[in-house]
Amino acid sequence: MLVLGLMSGTSADGIDVALARISGAPPKSQTRLIAHTAVTFPSAMRKEILRVAEQQNITAGDLSQLNFRLGGVFADAALAACRKFRVAPKRVALIGSHGQTIFHQGRPVEYLGAATASTLQIGEASIVAARTGITTVSDFRPADIAVGGQGAPLVPYADYLLYRDAKRGRVSLNLGGIANITVIPASAKPANVFAFDTGPANMVIDALVAHFSKGRQRFDTNARSAAQGRSIPAILDELLRDPYLKILPPKSTGREYYGRAYTERLLALGRRHHAKPCDLIRAATIFTALSIVDALNRFVLAKHKIVQLIVSGGGAQNPLIVAQLAAALGGIEVLPLSRLGVPEDAKEAYAFALLAYETFHQRASNIPSATGAHRPAILGKISYAPPR
Ligand SMILES: Nc1ncnc2c1ncn2[C@@H]1O[C@H](COP(=O)(O)OP(=O)(O)O)[C@@H](O)[C@H]1O
Ligand SMILES: [Mg+2]
């Protein structure tokens, strides 16, 4: 089966598209990434996504309109990818579309008299299916929440399929807006795999860069600003006192915690310490690396022998994050995912192609030890292509 995966993460930078060829069933499924590409959101689109995700005076109408408009954008991204890959859409059997996360409350909180967890990914899949003519699986996370999980992370299923190794314990690290790790001990079974969000990856860095450049720049290309900054230990210490780091996994986080209010507090902290913009960007960058190291030391390395850390996501292009990780994790080889044959930016889109394939075959693909679910769940909803 040819399957397209569509992913837009919490960075809301754009849509990654991966085309995979998949056959068989786990543990003997055969999967290959054939091609991948990315479409950047126009800045008005990104602004609106962030406005809605930051819950700034939006109406139900805004949310509904954005859901359908994004469905169109996802469909266009899928069609553009098909043209680029020279694959006719009718040869593609299935799309797995993650959608754009607008809200994520993985752990239940009291709401109208009942403990409630919820998550919302938008980008109307009926539009994707109708416009592409390809049956589309979307909305993967709610089924896991419905069986007591946090609805995240879901990529560990793909990590397990792709990177398990009989002899080597591995950790897969994705540096999107948020950083998350999947721990795959040597010769692991799915039940031995666990995963959680360690904290921010690029989200805070991006927010600082956008703030200081008045929106002209979206991210700190190749850590250029951070490299010019000086380290201010008091700021880093304060960031490392973050209570999120101490919460036991499974845990997941997002813009609700590391969004605008967090950045405002960090800016205030910077002013108290007379930090220059590049000093603060440096602090956020080092914090990303050290919060990951902290998570590994606290929750992983005492129990499991890990020999490789496989890095993916846009943050894999940030040399300061990668160098800090390598320096702090002596004895663990830090290597970019591309060394295992999958480009760093294609991984999550590829994962949602794999997850869609499982759903289409009515197989569960959450990993309960990663999400905290009580039991396996078949993830997602299916929007059928119009009859041919
Ligand atoms: N050359 C680069 N240098 C530094 N950071 C980069 C570079 N390329 C991408 N990034 C970072 O990666 C982010 C996008 O990563 P991505 O994996 O798409 O995240 P998400 O899954 O949240 O959308 C950008 O917002 C940026 O912070
Ligand atoms: Mg992205």
Side-chain angles (χ1 to χ4, degrees), residues 5-18 36-43 45-47 49-50 53 70 73-74 77 97-102 104 121 123 140-141 152-155 158 172-182 197-213 215-229 252-259 263 278 281-282 284-289 292 310-325 336-338 342-352:
L6 305 178
M7 176 74 202
S8 173
T10 46
S11 302
D13 54 325
I15 303 168
D16 294 302
V17 189
H36 82 105
T37 185
V39 183
T40 305
F41 285 133
S43 60
M45 178 78 60
R46 177 166 196 262
K47 244 174 118 179
I49 292 169
L50 294 182
L70 273 180
V73 175
F74 281 111
S97 179
H98 173 270
Q100 179 67 52
T101 294
I102 288 302
H104 181 73
Q121 284 72 41
F140 291 83
R141 300 189 188 276
L154 298 182
V155 172
S172 145
L173 166 67
N174 193 71
L175 297 169
I178 294 296
N180 66 277
I181 59 171
T182 302
D197 291 344
T198 59
N202 299 299
M203 188 176 284
V204 179
I205 305 170
D206 288 1
L208 291 175
V209 169
H211 173 84
F212 290 127
S213 72
R216 277 190 296 274
Q217 227 186 312
R218 283 188 183 188
F219 59 87
D220 184 18
T221 313
N222 304 333
R224 259 181 236 143
S225 298
Q228 285 163 21
S252 54
T253 187
R255 208 168 273 288
E256 302 69 30
Y257 188 87
Y258 289 110
T263 307
C278 55
I281 292 167
R282 183 182 185 86
T285 307
I286 307 272
F287 174 59
T288 287
I292 294 161
I310 302 164
V311 188
S312 61
Q317 315 302 330
N318 184 311
L320 187 57
I321 299 179
V322 176
Q324 286 287 318
L325 286 170
L337 178 59
S338 48
V342 175
E344 286 79 32
D345 297 331
K347 144 80 173 292
E348 294 218 310
Y350 185 21
F352 279 90

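Model, not experiment: these values are computed from the prediction. All values below come from the heavy atoms of this structure, side chains included, with hydrogens, waters and symmetry mates left out. Order of appearance sets the numbers: ligands from 1, and atoms from 1 within every ligand.
- For the ligand labelled ligand 1, residue I205 lies outside the 4.0 Å heavy-atom shell.
- Side-chain N or O atoms of N202 include one that pairs as donor or acceptor with a backbone N or O of L175 at under 3.5 Å.
- Both the backbone and the side chain of T10 come within contact range of ligand 1, each with a heavy atom under 4.0 Å.
- When hydrogens are left out, the protein atom nearest atom 7 (C) of ligand 1 is F219 CE1, 3.4 Å; that is the closest non-hydrogen contact.
- At the shortest separation from atom 21 (O) of ligand 1 among protein heavy atoms lies G9 CA, 3.5 Å.
- Residue, atom and distance of the protein heavy atom nearest to atom 14 (C) of ligand 1 are D13 OD2, 3.4 Å.
- Each of the following atoms of ligand 1 lies closer than 4.0 Å to a heavy atom of G177: 19 (O), 20 (P), 22 (O).
- Of the candidates D197, T10, V204, Y258 forms a side chain to side chain contact (heavy atoms under 4.5 Å, CB included) with just one, namely V204.
- Every atom of ligand 1 is numbered from 1 in the order shown, and the set under 4.0 Å from a heavy atom of T221 is 3 (N).
- Looking only at protein heavy atoms, the nearest one to atom 13 (C) of ligand 1 is N202 ND2, 3.6 Å.
- Under the 3.5 Å distance criterion, with hydrogens and angles disregarded, no donor-acceptor pair is assigned to the side chains of E344 and S312.
- For ligand 1, the atoms lying closer than 4.0 Å to a non-hydrogen atom of G313 are 17 (O).
- Summary of contacts: the protein heavy atom closest to atom 2 (C) of ligand 1 is Q317 CB, 3.5 Å.
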side-chain contact (heavy atoms from CB on, under 4.5 Å) evaluation trace for L70 with M45: CA-CA 9 Å; L70 273 180; M45 178 78 60; 4.0 Å; yes
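- In this structure a side-chain-to-backbone donor-acceptor pair under 3.5 Å is missing from D16 to A349.
- Distances below 4.0 Å separate heavy atoms of G315 from the following atoms of ligand 1: 12 (O).
- At a heavy-atom cutoff of 4.0 Å, ligand 1 is contacted by both the backbone and the side chain of N222.
- Taking each heavy atom of I178 and G199 in turn, the nearest pair found is CG2-O, 3.2 Å.
- Residues F287 and P200 come closest through the heavy atom pair CE2-CG, 3.8 Å.
- The protein atom (non-hydrogen) at minimum distance from atom 24 (C) of ligand 1 is D206 OD2, 3.7 Å.
- Counting heavy atoms under 4.0 Å from ligand 1, residue D220 touches it through the backbone alone.
- In summary, the atoms of ligand 1 found under 4.0 Å from a heavy atom of G314, numbered by their order in the structure, are 6 (C), 7 (C), 8 (N), 9 (C), 10 (N), 11 (C), 12 (O), 15 (O), 16 (P), 17 (O).
- At a threshold of 2.8 Å, the Mg ion (ligand 2) has a backbone or side-chain N, O or S atom of D13 nearer than that distance.
- In this structure a side-chain-to-backbone donor-acceptor pair under 3.5 Å is present from E256 to H104.
- Of the possible donor and acceptor atoms, one in the side chain of D220 sits under 3.5 Å from a partner among the backbone N and O of A226.
- Ring geometry for H98 versus F352: interplanar angle over 60°, hence perpendicular rather than tilted (30 to 60°).
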